[in-house]
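Structure first, commentary second.
In what follows, residues are counted from 1 in the order of the sequence shown.
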Amino acid sequence: MTAKITYDEVEVGTELPARTFPVTRATLVRYAGASGDFNPIHWNERFAKEVGLPDVIAHGMFTMAEAIRVVTDWTGDPGAVVEYGVRFTKPVVVPNDDQGAEIQVSAKVAAKLDDNTVRVDLTATSGGQKVLGMSRAVVRLA
């Protein structure tokens, strides 16, 4: 696959389509099974509270993966992402109810770089709090 967005059609400040990702306890259990990360802070409310958390929290890598989907959906090619990093600032708290939590993600092109690449800055929030800081991806466009 190759990116469907071309370098020439993108300007600094171009906003990517924002997305909201639902997260439930069932989502976390499925992610734990796929990733092998069965830390009880991600599924056991009693344990999470005993270690000082407000409730069960989403896996950091899950949160990071959901956020980059805004970029991969925009490019049309997950392989277009050549670099990606974040700083975890707040946990995504996932209550045990029918609604769970949501991760809201927006992104925009922050810089045009060499070799048909752009830097995309992402903003990820949940419950009104920023959950990822310094969330940036370098993406190679067509």
Can you tell me if CD on Glu15 sees more than 12 non-hydrogen neighbours from other groups inside 6.0 Å? no
Carboxylate-amine/guanidinium proximity below 4.0 Å for Lys108 and Asp121: no
side-chain hydrogen bond (donor to acceptor under 3.5 Å, both in side chains) assessment of Thr14 paired with Glu11: CA-CA 6 Å; Thr14 298; Glu11 299 297 329; over 6 Å; no
Any donor and acceptor pair, going by atom type alone, linking the side chain of Trp43 with main-chain N or O of Leu28 inside 3.5 Å? no
Are any non-hydrogen side-chain atoms of Ile41 and Leu53 less than 4.5 angstrom apart? yes
Taking all non-hydrogen atoms of both residues into account, name the closest pair between Val92 and Ala101 and its distance. CG1-CB, 4.1 Å
Short side-chain to backbone donor-acceptor contact, Ser35 and Tyr31, under 3.5 Å: yes
Between Val109 and Trp74, is there a side-chain heavy-atom distance shorter than 4.5 Å? yes
Rounded to the nearest 0.5 Å, the OH atom of Tyr7 sits from the NZ atom of Lys112 at a distance of 5.0 Å
Measuring from Lys130:NZ to Ser135:OG, what's the distance to the nearest 0.5 Å? 8.5 Å
Would the distance check show the side chain of Asp115 and the main-chain N or O of Thr117 forming a donor-acceptor pair, the cut-off being under 3.5 Å? no
Is Glu45 salt-bridged to Arg25, going by a charged N under 4.0 Å from an acidic O? yes
Can you name the closest pair of heavy atoms from Ile57 and Pro91 and give their distance? CG2-CB, 3.6 Å
Measuring only between side-chain heavy atoms, which start at C-beta, is Val81 closer than 4.5 Å to Val71? yes
Assess the residue pair Val120 and Arg136 against the criterion (side-chain contact (heavy atoms from CB on, under 4.5 Å)); give the C-alpha distance rounded to whole Å, side-chain angles, the decisive distance to 0.1 Å, and a yes or no. CA-CA 6 Å; Val120 176; Arg136 295 180 174 167; over 6 Å; no
Distance (rounded to the nearest 0.5 Å) between Arg69 CZ and Phe21 CZ: 4.5 Å
N/O donor-acceptor pair under 3.5 Å between His59 side chain and His42 backbone: no
So which heavy atom on Ala67 is nearest to which on Tyr84, and how close? CB-OH, 3.6 Å
With the side chain counted from C-beta on, respond yes when Thr27 and Phe62 share a heavy-atom pair under 4.5 Å apart, and no when they do not. yes
Flag the pair Ile103 / Val23 as yes when at least one side-chain heavy-atom distance between them is below 4.5 Å, and no otherwise. yes
Rounded distance [0.5 Å steps], OG1 in Thr63 versus CG in Leu132: 6.5 Å
Are the side chains of Leu113 and Arg119 in contact, using a 4.5 Å heavy-atom criterion? yes
Nearest heavy-atom approach of Val139 to Thr75 is CG1-CG2, 3.4 Å
Where Arg140 and Ala3 come nearest, the two heavy atoms and their spacing: O-CB, 3.7 Å
When you compare the side chain of Leu141 with that of Thr6, does any pair of heavy atoms fall below 4.5 Å? no
Is there a side-chain hydrogen bond (donor to acceptor under 3.5 Å, both in side chains) between Thr125 and Gln104 once you walk through the steps? CA-CA 5 Å; Thr125 61; Gln104 294 86 23; 3.2 Å; yes
For the pair Asp8 (side chain) and Val10 (backbone), establish whether a donor and an acceptor sit closer than 3.5 Å, ignoring hydrogens and angles. no
Should Val93 and Val56 count as side-chain neighbours, where that means a heavy-atom distance under 4.5 Å? no
Taking all atoms of both residues into account, what is the closest heavy-atom pair of Leu122 and Ala107, and its distance? CG-CB, 4.0 Å
So, does Thr89 use its side chain to make a donor-acceptor pair with the main chain of Val131 at under 3.5 Å? yes
Please say yes or no: joined through hydrophobic side-chain contacts below 4.5 Å, possibly via intermediate residues, are Val70 and Met61 part of one cluster? yes
The criterion is side chain to side chain contact (heavy atoms under 4.5 Å, CB included); which residues satisfy it with Gln129, sequence neighbours excluded? Lys90
Got a second to check how far Leu16's CG is from Ile5's CD1, nearest 0.5 Å? 8.0 Å
